[in-house]
Amino acid sequence: MTPKGPAPGRPQAGPHPLGGSADDFVGRGVPSHPNQFALLGQRRFAPFFWTQFLGAANDNVFKFAFTLMITYQLQLAWLPPKMAGLVIGALFILPYVLFSATSGQLADKHDKARLMQLVKSLEIAIMAIAGWGFYATHVPALLLCVFLMGLHSTLFGPVKYAYLPQQLNERELTGGNGMVEMGTFVAILLGQLLGGVLVDQAVVGPQHVAWACMGLAIAGRATAQAIPASPSTDAGLVINWNPVSETWRNLKLAHEGVAVFRSLLGISWMWFFGAVFLANFPAFAKEVLHGGPQVASLLLAVFSIGIGIGSLLCEVMSKRHVEIGLVPLGAIGMSVFAIDLYFASTGLPASEPYSVGGFLVLPAHWRVLADLGALALFAGLYSVPMYALIQLRAQPTHRARIIAANNILNAVFMIASSVIAGAMLGAGLSIPQVFLAVGIANAVVAAYIFLIVPEYLLRFVAFVLTRLVYRFRIVHDERLPTAGAAVLVCNHVSFVDAVLLMAASPRPIRFLMDHQIFRTPVLGWMFRLAKAIPIAPQKTDPATYEAAFAAARAVLEDGEMVCIFPEGGITRDGALQPFKGGVMKLVEGLPDVPVIPMALGNLWGSYFSRVEGGRAMVKPVRRGFWSRVSLSVGTPAPAASVSPEGLQTSVLGLLEAAA
């Protein structure tokens, strides 16, 4: 058998002499821009960014102004202020359930730039109806427009997230998604601030909202015109107009990749979590914090800024890769600060409605704002890597449909959040108690997701190890392929070598590990989670030896990466040991699979390596804290051209160069 072709998930380039795609090896090289903000100067990103920014702003000028009208200005027996945010939120996301399946098909079938332009034209028509509704104070018409703007967003969502991986490479995806997430929440902030300021004007407020919404819609259509062509990924697709059967089919497509599907669930939970807070800000400000409309806007401002900061931090903290180790960190922060928000907002004394200035005078209110900002920041760290992972690993031919499946799940979870939060409020719980319940539930859900998809937990451990225990530097990480089979060959210095390699790789690695390490209490559990392949010496356990190589070759044939430590064990004196012939047995019959030599440097003598009398994990601070270690990645070579001696020479050269 021969290895399967490059795994999907990013634009393909021409063939590479080592197999797979040339783009798999060069796509993660020196970036074409210094940081994520430089994307705003490039046509492949800037018009798209401003189009989605203006659309998000318009959504929120309209929705927030309408919500404040009902909460503070109108007295409707059939829509009380306490329920207004929940009803409007549920109505906005209902189209996601009804039409996401169709929108995903349209995005895969048609040019994405053209589709975005048509969607923005629809927005202008919707805002014309909304303008009449504001002038006439016609609440049913405005509720209709809430539904139609939800339809507008339903059509735009799959196009938006399928467009990015067609235009950005792996090193740009996290930064690009961070910019989009930041832009979305800044647009939410500015849109809701503008909507709140405009609608608060006596008599003419609603009319000013109408004109602002129309202006934003027209501006969004203008920027959409400059989006570069983004060709169809499945031009022959026949549209299935049945939303039920197509929704089920999309969910089945998404379920084909376990990590992708679990990431969809994780993102949907994040929207459940966030929707509870966003929908309740007006009532929380009025009934719990005793503030006026401006205080509700302040809460949204803090929340949006927190999301934006967290989203932008992802590129820096991930070192410009898709780093899903940030996801558990984000989940922990979301729960901690949501729970603390309950304690910070419980028992505040009643008062006449505060202005923003009066609200900020009281120290107790600063704790509320700090909790909101922090939980939002961690939500940004949680969501951006998940979006990037889905875009990177989903099949390009039906990427938009998988994103549509994500939108369906998001909608279901958000509707559920409205129903559950409404039921809790109706049962007599206070808004802070609802926040507490969501914070506790988040901890439970996160633990469940990370246990059933251990890649998140493993990458979190690798993230902590390479940021807090060591200062980890990677040399020539662009040589690690983002798709296709590969054999990684590395020196073996410590018990955490595999964890460091996990942190360096953009994709999962299957390790051939000495069977005895699985008996180590913590590391053994972790390597079992990583699906490491146990191997024993051929002389003592020939059955385990043969089974290990058979399993490793099957992994390569599936287009994944395998790592082998050809010294056969951890060095006992810090010197590179002779390479054994296992690597040649591994690549038997796979002459074109690239073999990549790698060298871990300056790790000998650390807590996790052997030192005194061959012992390891003694004297934890013998190297001090945050010591420097490195990983140098060598030039890939086809399996047919390598030998154990040649690979040993390559690794030794990498070690000498890094010294």
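Everything numeric here is computed off the predicted structure, so don't read it as measured data. This chain uses plain numbering: 1 for the first residue, then up along the sequence.
Proximity of the aromatic rings of Phe277 and Phe273 is defined here by a centroid distance below 6.0 angstrom, and this criterion is met. When ring centroids are compared, Phe147 and Phe92 stay outside the 6.0 Å threshold.
Other residues, nucleotides and ligands contribute only 12 or fewer heavy atoms inside 6.0 Å of the NZ atom of Lys531.
Closest approach of Ser335 to Ala443, counting heavy atoms only: OG-N, 3.1 Å. Residue Ser263 comes nearest to Leu389 through the heavy atom pair OG-CD2, 3.1 Å, listed as atom of the first residue, atom of the second, then distance. Considering all non-hydrogen atoms of both residues, Phe303 and Ala376 come closest at O-CB, 3.1 Å. Contact record, Cys563 with Ile509: CB-CG2, 3.6 Å, taken as the closest heavy-atom pair. For the pair Val384 and Cys314, the tightest heavy-atom approach, listed with the atom from each and the gap, is CB-SG, 3.7 Å. When all heavy atoms of Ser230 and Gln166 are compared, the closest pair comes out as OG-OE1, 3.0 Å.
In this structure, Arg401 contributes its side chain and Ala107 its backbone to no donor-acceptor pair below 3.5 Å. Of the possible donor and acceptor atoms, none in the side chain of Arg479 sits under 3.5 Å from a partner among the backbone N and O of Ile596. Not a single donor-acceptor pair under 3.5 Å links the side chain of Ser311 to the backbone N or O of Glu181. Checking side-chain atoms of Asn442 against main-chain N and O of Val438 turns up no donor-acceptor pair under 3.5 Å.
Taken from CG in Leu155 to CD in Glu123, the straight-line distance is 11.5 Å, to the nearest 0.5 Å. How far CG of Asn406 is from CG of Leu264: 5.0 Å, rounded to the nearest 0.5 Å. To the nearest 0.5 angstrom, Thr247 atom OG1 is 3.5 Å from Ile408 atom CD1. A distance of 8.0 Å separates NE2 of His110 from OG of Ser232, quoted to the nearest 0.5 Å. Between atom CG of residue Leu189 and atom CZ of residue Phe64 there is a gap of 10.0 Å, rounded to the nearest 0.5 Å. With rounding to the nearest 0.5 angstrom, the OH atom of Tyr163 is 9.5 Å from the CG atom of Asp111.
Between Ile420 and Val276, the closest side-chain pair of non-hydrogen atoms is not below 4.5 Å. Side-chain contact between Phe134 and Leu142 is present, with heavy atoms from C-beta onward closer than 4.5 Å. By the 4.5 Å heavy-atom criterion applied to side chains, Arg510 and Met561 are not counted as neighbours. Taking the side chain as every heavy atom from C-beta outward, Leu556 and Val487 approach each other to under 4.5 Å. Using a 4.5 Å heavy-atom cutoff, the side chains of Met127 and Met149 are in contact. Residues Leu98 and Pro243 are not in side-chain contact: their nearest non-hydrogen atoms beyond the backbone lie 4.5 Å or more apart. Side chains of Met179 and Phe45 form a contact here, defined as non-hydrogen atoms less than 4.5 Å apart. Put simply, the side chain of Lys109 does not reach to within 4.5 Å of the side chain of Asp234, judged on heavy atoms.
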Note to self: What verdict does the side chain to side chain contact (heavy atoms under 4.5 Å, CB included) test give for Phe66 and Val146, after you've listed the backbone C-alpha separation in whole Å, the side-chain angles of each residue and the deciding distance to 0.1 Å?
What the structure shows: CA-CA 9 Å; Phe66 183 32; Val146 170; 3.8 Å; yes
Margin query: Under the criterion side chain to side chain contact (heavy atoms under 4.5 Å, CB included), I'd like the reasoning laid out for Leu265 against Val445: C-alpha separation, chi angles, the key distance, then a yes or no.
Written below: CA-CA 10 Å; Leu265 293 177; Val445 170; over 6 Å; no
Next item on the list: Go through the steps to decide whether Asn407 and Val97 satisfy the test side chain to side chain contact (heavy atoms under 4.5 Å, CB included), and finish with yes or no.
Entry: CA-CA 8 Å; Asn407 288 342; Val97 177; over 6 Å; no
Next item on the list: Kindly determine whether Val119 and His152 satisfy side chain to side chain contact (heavy atoms under 4.5 Å, CB included), including the steps that lead there.
Entry: CA-CA 6 Å; Val119 171; His152 158 270; 3.5 Å; yes
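Ser153 and Asp59 share a donor-acceptor pair across their side chains, judged by distance under 3.5 Å alone. In summary, the side chains of Thr174 and Glu315 do not present any donor paired with an acceptor at a separation below 3.5 Å, with no hydrogens or angles considered. Neither side chain, Thr102 nor Glu246, offers a donor N or O lying under 3.5 Å from an acceptor on the other. Using modelled atom types, one finds a donor on one side chain and an acceptor on the other under 3.5 Å when comparing Asn240 with Ser245. Between the side chains of Ser268 and Asn410, at least one donor-acceptor pair of N or O atoms lies under 3.5 Å. Thr51 and Thr223 form a side-chain donor-acceptor contact under 3.5 Å, judged by distance and modelled atom types alone.
In this structure, Lys112 forms no cation-pi arrangement with Phe48, as its terminal cationic atom is not both closer than 6.0 Å to the ring centre and no more than 45° off the ring axis.
Between Tyr161 and Tyr387, the two ring planes are parallel [angle under 30°; tilted spans 30° to 60°].
Salt bridge Glu172/Arg44: present, at least one basic N to carboxylate O contact under 4.0 Å.
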